[in-house]
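To start, the structure under review is shown below, and the notes come after it.
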Amino acid sequence: MNHWLVKSEPEAYSWADFVREAGTDWTGVRNYQARNNLQAMQPGDLVLFYHSVSEKAVVGVAIVHAHHAPDATAEPGSPWVAVHLRPHAPLARPVPLAALKAEPRLARLGLIRQSRLSVTPVQPDEFDVVLALSEG
DNA sequence: GCCAACGTTGGC
DNA sequence: GCCAACGTTGGC
């Protein structure tokens, strides 16, 4: 199983919206590197859900429910894809970006190294560290 | 509000 | 194919 992190501005689409809808097609990604990451997602993969801009914290864990399909919000024939995500569990407490940056074991986290990339892989040990921070 | 990072576009 | 200009994202 692989692990990932997706970003969303909570003003545009929040964890609360996601829970209310009990899942969503993760559409709107228009960057090839991020798209490649969407294409690599498999059902059952766990995905950290990060609120960017106003909150800057990891707030929950989603699970990949269906692997990639053409993004219905993109032009037909375009290369963009979406996966279907469902809520898995909220974090016990949100983990702020500052806490991620302060943790040496997360120094190589994609979110930190490439802050603009909206879909990034997460190593299993990094995933565990984030969960531990939310419980600590 | 500013600015760094970075992707895209288009002229040459 | 190079690179300057420009737009967007997102942290500070």
Side-chain angles (χ1 to χ4, degrees):
Chain A
M1 187 198 1
N2 291 314
H3 300 79
W4 310 92
L5 181 145
V6 297
K7 297 191 302 185
S8 184
E9 295 191 31
E11 289 74 20
Y13 190 80
S14 69
W15 173 260
D17 296 328
F18 182 52
V19 169
R20 187 179 314 117
E21 297 176 359
T24 195
D25 287 326
W26 205 257
T27 56
V29 171
R30 297 293 182 270
N31 169 284
Y32 282 98
Q33 202 175 343
R35 181 210 60 172
N36 292 345
N37 289 332
L38 289 179
Q39 287 179 330
M41 289 186 183
Q42 294 293 331
D45 285 359
L46 295 178
V47 183
L48 297 173
F49 193 111
Y50 176 79
H51 277 169
S52 65
V53 182
S54 56
E55 186 176 356
K56 285 172 291 188
V58 181
V59 294
V61 179
I63 187 164
V64 177
H65 181 253
H67 63 60
H68 69 88
D71 182 339
T73 71
E75 293 276 316
S78 74
W80 308 119
V81 303
V83 296
H84 193 84
L85 299 181
R86 288 188 170 175
H88 181 65
L91 290 193
R93 280 180 295 157
V95 180
L97 179 62
L100 301 175
K101 287 188 167 178
E103 172 50 62
R105 289 172 292 172
L106 298 178
R108 297 187 60 80
L109 194 66
L111 176 73
I112 294 170
R113 291 161 62 95
Q114 256 188 296
S115 68
R116 290 186 50 192
L117 189 59
S118 61
V119 183
T120 51
V122 175
Q123 297 307 309
D125 58 319
E126 294 172 332
F127 187 88
D128 292 343
V129 167
V130 174
L131 291 193
L133 288 175
S134 81
E135 290 156 4

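These numbers come from a predicted model, not from an experiment. In the text below, chain A, chain B and the rest are named by the order of the sequence lines, each starting its count at 1.
A donor atom on one side chain and an acceptor atom on the other are found under 3.5 Å apart for A:Arg30 and A:Thr73. No hydrogens or angles considered: nothing links the side chains of A:Glu9 and A:Ser54 as a donor-acceptor pair under 3.5 Å.
With hydrogens and angles disregarded, a donor-acceptor distance shorter than 3.5 Å links the side chain of A:Asp17 to the backbone of A:Ser14. The main-chain N or O of A:Leu131 is found under 3.5 Å from a side-chain atom of A:Ser134 such that the two form a donor-acceptor pair.
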Practice prompt. Begin from the C-alpha positions of A:Asp45 and A:Trp4 and carry the test side-chain hydrogen bond (donor to acceptor under 3.5 Å, both in side chains) through to its verdict.
Written response: CA-CA 8 Å; A:Asp45 285 359; A:Trp4 310 92; 2.9 Å; yes

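Between A:Asp71 and A:Arg35, none of the side-chain N atoms (NZ, or NE/NH1/NH2) sits under 4.0 Å from a carboxylate O, so this pair counts as no salt bridge.
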Between protein and nucleotides 4-6 of chain C, what N or O pairs are separated by less than 3.5 Å?
none

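Residue-environment remark: NE2 (A:His84) exceeds the threshold of 12 foreign heavy atoms within 6.0 Å.
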Practice prompt. Give the B/S/- string for nucleotides 7-12 of chain C, one per nucleotide from 5' to 3', where a protein heavy atom under 4.0 Å of the base yields B, of only the sugar-phosphate yields S, and otherwise -.
Written response: BBBSSB

